[in-house]
Number of protein chains: 2
Amino acid sequence: MADGSTPPDSMNTAVGSDSEAGKLVGSDRVLAVLKELARYPDGVSLVEMTRAMNSPKPTIHRALTSLCRSGLADRDARGHYVLGDELLRMAFAHYDARPEHVRLQSALKQLAEKFQETAHYAVLDGREVVYRAKVDPHGGAVRMTSVIGGRNPAHCTAIGKVLLSRRLLTREAVEAWVGGAALQRRTPQTMCTAEELHQALEQTRCQGFGIDDQENEVGVNCLAVPVFLKSPSEPTGAVSISALTYRKPIGALIASVDAIRDVLASSATERA
Amino acid sequence: MADGSTPPDSMNTAVGSDSEAGKLVGSDRVLAVLKELARYPDGVSLVEMTRAMNSPKPTIHRALTSLCRSGLADRDARGHYVLGDELLRMAFAHYDARPEHVRLQSALKQLAEKFQETAHYAVLDGREVVYRAKVDPHGGAVRMTSVIGGRNPAHCTAIGKVLLSRRLLTREAVEAWVGGAALQRRTPQTMCTAEELHQALEQTRCQGFGIDDQENEVGVNCLAVPVFLKSPSEPTGAVSISALTYRKPIGALIASVDAIRDVLASSATERA
DNA sequence: ATCATCATTCCATTAATTGGAATGCCTGAT
DNA sequence: ATCAGGCATTCCAATTAATGGAATGATGAT
């Protein structure tokens with residue numbers, strides 16, 4: 001079983017391919033160690049970390065010592081380094097206090113419970129969406145792998161499409177946004193050309209909600225409606241319901257769109 | 001409304017009284033900036049941070065730049081610095097992956113739903129308990145202010161008492177643990193002497209669960225049962241239900257203890 | 001008892017941090 | 001349009017801390 005440590009893969013948005021990075025120094029290296037440390041929920045020994053960062057042992061040792069001193073890291077019973085309570089407290093407290101979350105948490109819970117599916121809130125950041133809040137339903141045997149702070153390409157998610165639909169009004173705008181690089185294909189359904197995307201955005205604009213019919217992951221579909229936290233015209237982000245296709249096909253989600261809007265409306269006024 | 005920024009108070013376990021700390025340097029200062037940054041959910045400007053840390057502007061600027069470079073901090077629309085998506089992703093992903101959490105998350109959800117009260121999992125760390133997982137019930141008008149990674153004195157919490165009851169077997173042991181410093185009084189009910197505490201631990205040992213009858217906060221009571229994640233004899237931590245006294249007095253909690261144990265037992269076997 | 005592995009400490013060299021001061025940039029007032 | 005004030009950003013020489021190869025403890029397995 002999970003004895004020692006689990007050096008996982010699959011992470012990171014773009015920048016830091018930790019291992020062989022261009023030799024970071026000083027504080028940057030300490031921060032890189034912190035980020036690497038987060039990848040080992042079971043803890044990691046100094047030598048393992050040394051290998052992962054391929055840096056001399058004393059350097060890593062100092063970095064870890066520094067992290068421990070500030071409470072951002074801790075050592076478990078076996079002497080392995082793990083993320084510290086202080087870091088977790090920091091992150092969760094900050095998260096709980098963020099205005100967008102306090103205003104959406106209850107709505108997301110209601111949605112997750114009502115539909116027994118995962119509810120997300122996410123914002124647009126360039127060509128990707130960033131998940132800012134997430135509520136899982138209760139009993140679910142399967143769980144979404146999404147994580148707060150995690151990302152997905154905007155063009156193949158319901159949230160991305162509904163947010164893009166209000167920004168990319170013309171075919172030219174869509175083409176400019178798509179830019180040189182082709183859109184990543186995630187599934188056979190993914191829309192990978194500016195033309196397809198433009199069509200989809202037109203439709204999204206008309207109906208006022210975005211859908212993702214297994215365009216990001218086979219077997220999962222999604223419906224998203226925009227959320228206006230600041231301006232009444234510019235959405236700050238969008239809320240989505242992600243469902244397993246076999247249990248709740250995209251048609252069922254579309255049929256529920258009014259119910260979703262009701263939940264959002266009622267828990268918005270609740271605070272207003 | 002929440003225009004600028006909100007420099008809060010009330011935090012930290014012991015060590016870093018940020019503001020006038022003994023002039024940290026190098027990476028330590030960067031980490032201190034990171035911790036301070038977490039206190040401003042609405043973001044903070046460079047000068048504000050400069051004041052908060054009372055350090056020269058360029059230094060803080062470099063620290064923040066460094067944090068941004070690694071994704072641990074970001075800048076919002078107004079140019080204010082906030083905790084970065086990367087930090088949140090890190091913390092939440094790490095949290096989700098921790099063995100103790102994957103094994104308890106579902107049980108806590110069931111407890112929170114069943115009793116419509118907040119369920120916690122916490123471990124003992126010296127004279128305090130550290131909350132490691134938390135699930136709030138749905139509709140609740142009031143919410144516990146506890147945060148994951150947060151702490152409370154062990155002697156006035158149900159979790160602390162049930163865990164201590166298995167470690168401090170004799171009156172002498174209790175006295176040694178209490179040590180010189182008197183136990184902090186949180187409410188009129190708080191047990192502040194070794195004698196009182198020893199009595200309470202005796203009873204806790206007999207009944208196999210710990211209670212906190214408004215000993216930590218007036219109007220809130222709590223019941224905790226130990227959890228054995230590793231060894232079958234030494235508890236790794238404890239799970240508690242925290243309830244508002246007027247809604248569910250301590251007697252009601254005690255009456256529910258078997259139901260609580262059932263939930264824990266069933267979701268333990270579920271994974272075994 | 002011996003060996004292997006890992007954590008920790010040492011210290012001269014090296015290279016990065018430091019912070020006072022100057023500059024650039026934006027916003028709002030006149 | 002112009003100016004003032006507040007803020008972010010950049011400069012640079014002196015200083016100070018980080019660096020890492022090597023030595024030393026600590027720990028546990030054979």
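Just so it is clear, the model here is predicted, and its values are computed rather than measured.
If you take CG of A:D28 and P of C:dA16, they are 11 Å apart, rounded to a whole angstrom. For B:L31 and D:dA17, the CG to P distance is 16 Å, given to the nearest whole Å. In this entry the distance linking CE of A:M53 with P of D:dG20 reads 12 Å, nearest Å. The NE2-C1' distance, from B:H80 to C:dC26, rounds to 13 Å in whole Å. Rounded to whole Å, atom P of C:dT9 lies 16 Å from atom CD1 of A:I60. If you take CZ of B:R78 and C1' of C:dT27, they are 15 Å apart, rounded to a whole angstrom. As rounded to whole Å, 15 Å separates atom P of D:dG20 from atom CG of A:L64.
Dashed line: the shortest gap from a side-chain N or O of B:H61 to OP1 or OP2 of D:dA8 is not under 4.0 Å. Phosphate proximity of C:dT5 to A:R51: absent, as no side-chain N or O sits under 4.0 Å from OP1 or OP2. Distances shown here put a side-chain N or O of A:R29 below 4.0 Å from the OP1 or OP2 atom of D:dG20. Contact annotation: B:S45 side-chain N/O to D:dC7 OP1/OP2 distance is not under 4.0 Å. Within the structure, every side-chain polar atom (N or O) of B:R75 is placed at least 4.0 Å from both OP1 and OP2 of D:dA8.
For the salt bridge (Lys or Arg N to Asp or Glu O under 4.0 Å) test, no residue two or more places apart in sequence or in another chain qualifies with B:E172. In this structure A:D96 satisfies the salt bridge (Lys or Arg N to Asp or Glu O under 4.0 Å) test with no other residue, sequence neighbours excluded.
The residue among A:L46 and B:G26 whose nearest nucleotide of DNA chain C is located toward the 5' end is A:L46. A residue-by-residue look at A:T65 and A:R62 shows that A:T65 has its nearest nucleotide of DNA chain C further toward the 5' end.
Proximity of A:M49 to A:E36: side-chain heavy atoms (C-beta onward) are separated by under 4.5 Å at one or more points.
We find that B:R51 and B:E48 are not joined by a salt bridge, their nearest charged nitrogen and carboxylate oxygen being 4.0 Å or further apart.
Between the side chains of A:N152 and A:T157, no donor-acceptor pair of N or O atoms lies under 3.5 Å.
Ring to ring, A:Y40 and A:Y81 are not that close: their centroids are 6.0 angstrom or more apart.
Side-chain atoms of A:H155 come within 3.5 Å of backbone N or O of A:Q184 as a donor-acceptor pair.
Among the nucleotides D:dT9, D:dA8, C:dA7, the one closest to any side-chain atom of B:Y81 is D:dT9.
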Are any protein N/O atoms closer than 3.5 Å to N/O atoms in nucleotides 21-30 of chain D? If there are, list each pair with its distance.
none

